[in-house]
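Okay, structure first, notes after.
Keep in mind the model is a prediction, meaning the values are calculated, not measured.
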Amino acid sequence: MENLPIGIFDSGLGGLTVASEVTRALPHERIVYLGDTARCPYGPRDLAEVRRFVLEIGTWLEQRPVKLMVIACNTATAAGLALAQRTFDVPVIGVVEPGARAAVRATVNRNVGVIGTVGTIESGAYSRAARAIDAGVTVFSVATPKFVDVVEAGLRRGPGTLEEWLAESSDVFIRPSFYELARDYLYSLKRSGIDTLVLGCTHFPLLQAAIQQVVGAQVRLISSAEETAREVAETLELRGHLAPPPRDATPPAHHFATTGEVAEFARFGSRVLREPIDRVEHVPLETLASLPGEGRLAALGEQVPRERGEAACG
Ligand code: DGL
């Protein structure tokens with residue numbers, strides 16, 4: 001078991017912010033990462049549809065096999081974490097609870113803000129998770145779906161490292177358009193007197209500096225990636241499933257896959273991961289659809305809406 005990889009998935013590239021923290025915390029572990037870029041964004045979709053995706057991709061990872069799964073997508077966690085935990089035999093870790101825990105730990109005045117996709121915010125998952133840890137915490141939530149578009153546009157801009165892109169994005173976005181957008185989105189949160197803001201979407205850590213500028217230095221920003229990586233490490237350690245240190249200095253060989261464009265995934269993914277991604281497997285949607293996601297949902301008596309054909313991202 002300890003030699004099996006850790007499976008991580010997201011609607012696209014954003015989950016690589018989580019994968020990056022997992023590889024930093026656990027440098028001996030191998031990762032299998034699937035980015036469902038062909039069906040990204042998940043944020044505006046019906047949560048029952050996202051649950052089907054969670055079961056399909058979880059089944060794909062289960063068949064590799066993997067020793068633990070991470071749902072590195074807030075929307076997919078909000079929609080399908082509990083279902084995935086009931087369905088799969090290996091531990092499944094989402095990103096909402098770790099983020100909520102880190103926020104509850106960080107807040108002093110117990111006023112916590114959360115921003116995320118429409119799916120995540122409407123699900124109320126962060127409020128529930130934070131209040132389950134500390135019922136005295138007040139959670140103020142705002143959906144900021146256009147921030148996903150900003151990151152997508154930024155990732156597609158010219159060559160260069162993520163740092164260069166972030167610097168460049170300050171020129172491109174932090175003039176009226178990004179500032180106006182962010183001020184509109186974040187105005188009510190600022191007025192609520194929050195001292196902590198959860199970046200409840202895997203894309204948002206890439207906008208951290210810009211968001212910090214808008215909310216002010218007094219607000220502590222929380223990205224769940226680090227806390228999620230800690231939970232992965234603790235879970236594997238508790239089960240005695242941590243990978244043994246390698247006999248030589250060869251770094252672990254990670255495996256990357258996407259339902260979308262492989263060249264695009266490798267190019268933009270390397271920026272998010274901050275490591276080169278040389279090879280990417282293409283997983284056709286038909287392959288995922290042939291896995292028992294829908295069947296498993298139907299067995300649970302859920303209606304599964306068909307896809308609505310949103311614009312691709314990631
Ligand atoms: N990965 C998604 C999340 O963390 C953001 C992008 C999407 O809408 O699919 O919620």
Side-chain angles (χ1 to χ4, degrees), residues 8-12 14-15 17-18 36 39-58 69-88 92-104 111-135 137-149 151 185-186 188-189 192 194 196-205 222-225 227-228 231 293 296-297 300-308 310 313-314:
I8 304 181
F9 71 93
D10 176 38
S11 57
T17 55
V18 178
D36 191 7
R39 297 187 292 200
C40 187
Y42 282 5
R45 290 177 188 272
D46 191 290
L47 291 187
E49 185 181 34
V50 178
R51 272 195 282 283
R52 171 163 64 87
F53 300 166
V54 169
L55 288 187
E56 285 176 3
I57 299 169
M69 292 181 203
V70 182
I71 306 184
C73 171
N74 291 264
T75 314
T77 299
L81 176 67
L83 178 63
Q85 287 173 333
R86 284 203 300 275
T87 306
F88 302 111
V92 185
I93 290 172
V95 283
V96 169
E97 211 195 289
R101 203 172 35 241
V104 170
N111 288 334
V112 170
V114 180
I115 51 175
T117 65
V118 173
T120 301
I121 297 304
E122 283 186 353
S123 75
Y126 269 103
S127 306
R128 274 196 303 281
R131 292 170 56 82
I133 303 164
D134 178 357
V137 162
T138 307
V139 179
F140 301 90
S141 311
V142 173
T144 58
K146 287 198 180 128
F147 282 178
V148 175
D149 304 339
V151 173
Y185 271 154
L186 303 173
S188 62
L189 287 180
S192 315
I194 55 162
T196 305
L197 176 63
V198 181
L199 305 177
C201 171
T202 48
H203 278 58
F204 298 172
I222 303 286
S223 136
S224 41
E227 190 75 13
T228 304
E231 189 166 331
R296 277 172 156 165
L297 268 185
L300 292 163
E302 279 217 35
Q303 290 287 325
V304 189
R306 300 314 304 174
E307 272 167 63
R308 295 203 303 244
E310 304 292 345
C313 72

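Within the model, atoms SG of Cys73 and CD1 of Ile8 stand 13.0 Å from one another, a figure rounded to the nearest 0.5 Å. Going from atom CD1 of Ile133 over to atom CZ of Arg128 covers 13.0 Å, rounded to the nearest 0.5 Å. Rounding to the nearest 0.5 Å gives a distance of 11.0 Å between CD of Glu227 and CD1 of Ile93. We find the OG1-CD1 distance between Thr196 and Ile222 to be 6.0 Å, quoted to the nearest 0.5 Å.
The minimum heavy-atom distance linking Ser224 with Asn74 is given by the pair OG-OD1, 4.5 Å. Nearest approach of Asp10 to Ala72, heavy atoms of both residues: OD1-O, 3.4 Å. A pairwise comparison of heavy atoms in Ala130 and Val137 identifies CB-CG1, 4.5 Å as the closest pair. Smallest separation of non-hydrogen atoms from Leu197 and Val114: CD1-N, 3.8 Å. For the residue pair Ile71 and Ala84, the shortest heavy atom distance occurs at CD1-CB, 4.2 Å. In terms of heavy atoms, Ser11 sits closest to Cys40 at O-CB, 3.1 Å.
In this structure, Val104 and Arg101 have side chains that are not in contact, with every pair of non-hydrogen atoms separated by 4.5 Å or more. In this structure, Pro145 and Pro44 have side chains that are not in contact, with every pair of non-hydrogen atoms separated by 4.5 Å or more. For the pair Phe9 and Val18, the minimum side-chain heavy-atom distance is 4.5 Å or more. For the pair Leu47 and Thr75, the minimum side-chain heavy-atom distance is below 4.5 Å. Taking the side chain as every heavy atom from C-beta outward, Val92 and Leu81 approach each other to under 4.5 Å. For the pair Val112 and Tyr126, the minimum side-chain heavy-atom distance is 4.5 Å or more. Side-chain contact check for Thr87 versus Val54: every heavy-atom pair is 4.5 Å or farther apart.
With hydrogens and angles disregarded, a donor-acceptor distance shorter than 3.5 Å links the side chain of Arg45 to the backbone of Pro41.
Under the ring-ring contact (aromatic ring centres under 6.0 Å, His included) criterion, Phe140 pairs with no residue at all, not counting sequence neighbours. Taking Arg131 as the reference, nothing meets the salt bridge (Lys or Arg N to Asp or Glu O under 4.0 Å) condition, with sequence neighbours excluded.
In summary, of the residues considered (Ile115, Asn111, Thr144), a side chain to side chain contact (heavy atoms under 4.5 Å, CB included) with Leu189 occurs for Ile115 alone.
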*Quick one: do Arg39 and Glu49 satisfy side chain to side chain contact (heavy atoms under 4.5 Å, CB included)? Show the steps, please.*
CA-CA 11 Å; Arg39 297 187 292 200; Glu49 185 181 34; over 6 Å; no
*Go through the steps to decide whether Val148 and Cys201 satisfy the test side chain to side chain contact (heavy atoms under 4.5 Å, CB included), and finish with yes or no.*
CA-CA 8 Å; Val148 175; Cys201 171; 3.9 Å; yes
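Using a 30° and 60° split on the angle between ring planes, Phe147 and Tyr185 fall in the perpendicular class, above 60°.
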